[in-house]
Amino acid sequence: MIKILLSAGHGAGKEHNRGRVCSNEGDNNYNYSLALQKELLKYDGVQVDLVRKKNTDNPSNTYRAQTMARGYDLYLSLHSNGGSFDVRGTEVFDSLEKPNKKLAQNLCDATANYFKHRNRGVKYRESKTTKDKNYYGELRDNKAKSAMIIEHGFHTNRQDCLIFRDKHEDIAKLQAKIIADFYGLKLKTPHIDYSK
């Protein structure tokens, strides 16, 4: 059984807008986590749980990483990026403590290709204070076997923002297949009722 924990970045409401031009980032990340969970659960041999079980949940990054992530094969943090209005692109921050370059690269490549924008690549960011530790709290000392943050375009760019808000199902199908292929998961066989 492969265990996956989806962490929708930030929390609910306008305080988590962070410059998004078409919806609140935290709300959109949460809605996307539901879509990705639904698609992943179409595969056999996988358990998929959510950090934010309801939209208003917003546990600290440390609690997400060091308590909630314990025992999972993959901790995938779902975000969108911020910048100037004309910047677009997907990037993945992989854990430098437990790198999983292949899965991170596959997710980055497929997502950037879907958005038809710049592939900003897989990145590793070290803490400013502690050598060989992750900069990001969700990745630092994360107890899952693998942990990464995926930035689905720039929410400060209208085109990226609309794609990530309006195409949840398509993006979720794409990313679920990437994850399933990496872990060797197969789609569930539809049940056929032969008694009819």
Side-chain angles (χ1 to χ4, degrees), residues 4-11 14-37 39-40 51-52 61 64-65 74-128 134-140 142 144 146-182:
I4 298 171
L5 184 61
L6 301 178
S7 177
H10 308 296
K14 61 185 179 182
E15 62 270 30
H16 295 282
N17 186 12
R18 301 180 180 273
R20 193 168 185 88
V21 296
C22 65
S23 65
N24 293 328
E25 182 190 354
D27 295 338
N28 192 56
N29 293 335
Y30 172 76
N31 292 333
Y32 180 65
S33 74
L34 299 178
L36 184 53
Q37 181 188 44
E39 289 303 321
L40 284 166
V51 162
R52 290 171 59 197
N61 287 336
R64 293 180 193 223
L74 175 63
Y75 178 99
L76 184 60
S77 181
L78 309 169
H79 284 259
S80 54
N81 219 335
S84 61
F85 73 92
D86 57 340
V87 178
R88 300 185 67 208
T90 290
E91 60 193 3
V92 173
F93 288 93
D94 190 17
S95 171
L96 61 84
E97 296 164 29
K98 301 175 187 177
N100 188 344
K101 175 78 174 179
K102 183 176 181 184
L103 178 57
Q105 192 69 62
N106 290 349
L107 284 168
C108 193
D109 292 349
T111 305
N113 186 59
Y114 178 83
F115 274 76
K116 294 182 172 52
H117 62 196
R118 181 181 168 201
N119 186 335
R120 295 167 61 91
V122 175
K123 300 179 179 181
Y124 298 87
R125 190 170 179 190
E126 188 176 59
S127 167
K128 293 177 181 177
N134 288 292
Y135 172 84
Y136 294 105
E138 276 195 274
L139 300 182
R140 189 167 50 252
N142 191 293
S146 176
M148 60 190 70
I149 299 168
I150 182 165
E151 300 278 6
H152 296 88
F154 279 73
H155 53 247
T156 44
N157 175 275
R158 185 158 187 83
Q159 190 174 356
D160 275 3
C161 190
L162 289 172
I163 292 170
F164 190 34
R165 186 193 71 183
D166 296 341
K167 300 295 184 180
H168 284 172
E169 185 176 329
D170 290 348
I171 299 166
K173 284 180 180 176
L174 175 73
Q175 291 184 347
K177 186 174 188 318
I178 296 289
I179 294 166
D181 287 349
F182 180 82

*Which residues share a ring-ring contact (aromatic ring centres under 6.0 Å, His included) with Tyr136, sequence neighbours left out*: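 ring-ring contact (aromatic ring centres under 6.0 Å, His included) check on Tyr136 returns Phe93.
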
*asked:* Ring centroids only, cut at 6.0 angstrom: are His79 and His10 within range, meaning strictly under it?
replied: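 For His79 and His10, the ring centres are under 6.0 Å apart.
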
*What about His155 and Phe164, are their ring centers closer than 6.0 Å?*
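Ring centres of Phe164 and His155 not closer than 6.0 Å.
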
_Would you say that Leu174 contacts Tyr114 through its side chain, given a criterion of any heavy-atom pair below 4.5 Å between the two side chains?_
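In short, these two side chains touch, coming nearer than 4.5 Å.
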
Provide the closest heavy-atom pair for [X] versus [Y] in the form atom of the first, atom of the second, distance.
X: Asp94; Y: Asn100; result: OD2-N, 2.7 Å
X: Leu78; Y: Asn29; result: O-CG, 3.3 Å
X: Ala144; Y: Tyr75; result: CB-CB, 3.8 Å
X: Cys108; Y: Val92; result: CB-CG2, 3.7 Å

Would you say the side-chain atoms of [X] and [Y] include a donor-acceptor pair closer than 3.5 Å?
X: Asn28; Y: His168; answer: yes
X: Asn81; Y: Glu91; answer: yes
X: Ser7; Y: Arg64; answer: yes
X: Ser80; Y: Glu151; answer: no
X: Tyr124; Y: Glu97; answer: no
X: Glu138; Y: Asn142; answer: no

_From CA spacing to verdict: side-chain contact (heavy atoms from CB on, under 4.5 Å), Leu5, Leu76_ = CA-CA 6 Å; Leu5 184 61; Leu76 184 60; over 6 Å; no

Treating [X] as the side-chain partner and [Y] as the backbone partner, does any N or O pair qualify as donor plus acceptor under 3.5 Å?
X: Arg52; Y: Gly9; answer: yes
X: Arg125; Y: Tyr135; answer: no
X: Asp160; Y: Gly153; answer: no

Around atom [atom1] of [X], are there more than 12 heavy atoms from other residues, nucleotides or ligands closer than 6.0 Å?
X: Lys102; atom1: NZ; result: no
X: Lys98; atom1: NZ; result: yes
X: Glu169; atom1: CD; result: no

*Is a salt bridge present between Glu39 and Lys173, judged by a nitrogen-to-oxygen distance below 4.0 Å?*
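Lys173 and Glu39: not salt-bridged.
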
*Can you list the residues that meet the side-chain hydrogen bond (donor to acceptor under 3.5 Å, both in side chains) rule with Tyr30, with sequence neighbours excluded?*
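side-chain hydrogen bond (donor to acceptor under 3.5 Å, both in side chains) check on Tyr30 returns nothing, list empty.
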
*Could you go through the side-chain contact (heavy atoms from CB on, under 4.5 Å) check for Ile179 and Ile4 one step at a time?*
CA-CA 10 Å; Ile179 294 166; Ile4 298 171; 3.7 Å; yes

*Can you list the residues that meet the side chain to side chain contact (heavy atoms under 4.5 Å, CB included) rule with Ala112, with sequence neighbours excluded?*
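Residues passing side chain to side chain contact (heavy atoms under 4.5 Å, CB included) with Ala112: Thr90, His117, Asn119.
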
